[in-house]
Amino acid sequence: DQQVKQNSPSLSVQEGRISILNCDYTNSMFDYFLWYKKYPAEGPTFLISISSIKDKNEDGRFTVFLNKSAKHLSLHIVPSQPGDSAVYFCAAKRPSGTYKYIFGTGTRLKVLA
Amino acid sequence: EAQVTQNPRYLITVTGKKLTVTCSQNMNHEYMSWYRQDPGLGLRQIYYSMNVEVTDKGDVPEGYKVSRKEKRNFPLILESPSPNQTSLYFCASSLGHGISGNTIYFGEGSWLTVV
């Protein structure tokens with residue numbers, strides 16, 4: 001039972017354009033969501049997060065949108081740069097009091113120069 | 001430098017030979033956990049610890065043990081490794097409270113092959 005789904009295994013975008021990575025979840029009790037970027041041979045690095053009480057969070061070129069009614073999360077990267085080419089994971093945290101995180105299967109983003 | 005350090009980074013071992021992957025963090029984080037990454041399955045949580053002597057199972061705990069005797073260390077123990085435990089393993093930590101307490105910081109990963 002995949003509670004956090006990233007249905008697009010890969011995405012290619014031209015440099016300078018917008019990259020949109022999507023994530024769907026099934027458990028309405030998740031209270032915190034995070035996006036991580038992973039380069040080959042490195043550990044995942046934190047990008048941006050959002051609490052379930054918000055619907056948008058912005059940090060520089062990265063914006064995360066949360067649609068609770070649709071149980072949908074998206075990461076927007078504007079403008080996309082070749083250095084953004086990596087695998088992106090979304091993650092959801094189970095309700096307060098636990099530290100169980102569920103990760104999606106990842107989307108490989110390739111930004112074309 | 002704030003970091004999560006895990007060792008070994010690469011290991012090939014044989015079925016049934018006990019091994020331990022060490023993990024240490026220097027950020028005084030309360031929460032630590034172990035994940036494995038497999039193709040098509042993403043990152044799956046094995047075990048986590050909310051503080052010293054407090055551990056709990058994640059989603060795929062079978063075949064693994066952990067201990068948290070000190071706040072900074074959280075070793076992963078494979079008592080009798082099997083080939084289906086061949087994977088890329090990540091240790092992670094987070095503060096566990098406060099505004100940024102939910103952000104997880106990962107180590108660089110340990111490639112484990114069981115033959």
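In what follows, every chain begins at residue 1, and chains take the letters A, B, ... in the order their sequences are listed. This one's a predicted model, so the numbers in the text were calculated from it and none came from an experiment.
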Count the heavy-atom pairs under 4.5 Å between each of [options] and chain A, then report the option with the highest count.
options                                 : value
Cys91(B), Gly58(B), Gly109(B)           : Gly58(B)
Ile104(B), Asp38(B), Leu88(B), Asp56(B) : Ile104(B)
Phe90(B), Phe106(B), Trp111(B)          : Phe106(B)

Checklist entry - Hey, are the side chains of Val13(A) and Leu109(A) touching, using non-hydrogen atoms and a 4.5 Å cut-off? => result yes
Item to check | Which atoms of Arg44(B) approach chain A - backbone, side chain, both or neither, heavy atom under 4.5 Å | outcome: neither
Checklist outcome for this item: Honestly, the part of Gln37(B) sitting under 4.5 Å from a heavy atom of chain A is side chain
Checklist entry - Are there more than 12 heavy atoms of other residues, nucleotides or ligands under 6.0 Å from atom NZ of Lys68(A)? => result yes
Checklist entry - If only atom types and distance count, is the side chain of Gln25(B) paired as donor or acceptor with the main-chain N or O of Met27(B) below 3.5 Å? => result yes
Checklist entry - Using a cut-off of under 4.5 Å for heavy-atom pairs, which of Pro9(A), Ala91(A), Pro44(A), Gly43(A) has the most such pairs with chain B? => result Pro44(A)
Item to check | Glu53(B) and Lys69(B) ion-paired at < 4.0 Å | outcome: no
Checklist entry - Any ion pair linking Arg94(A) and Asp59(B) (charged N to carboxylate O, less than 4.0 Å)? => result yes
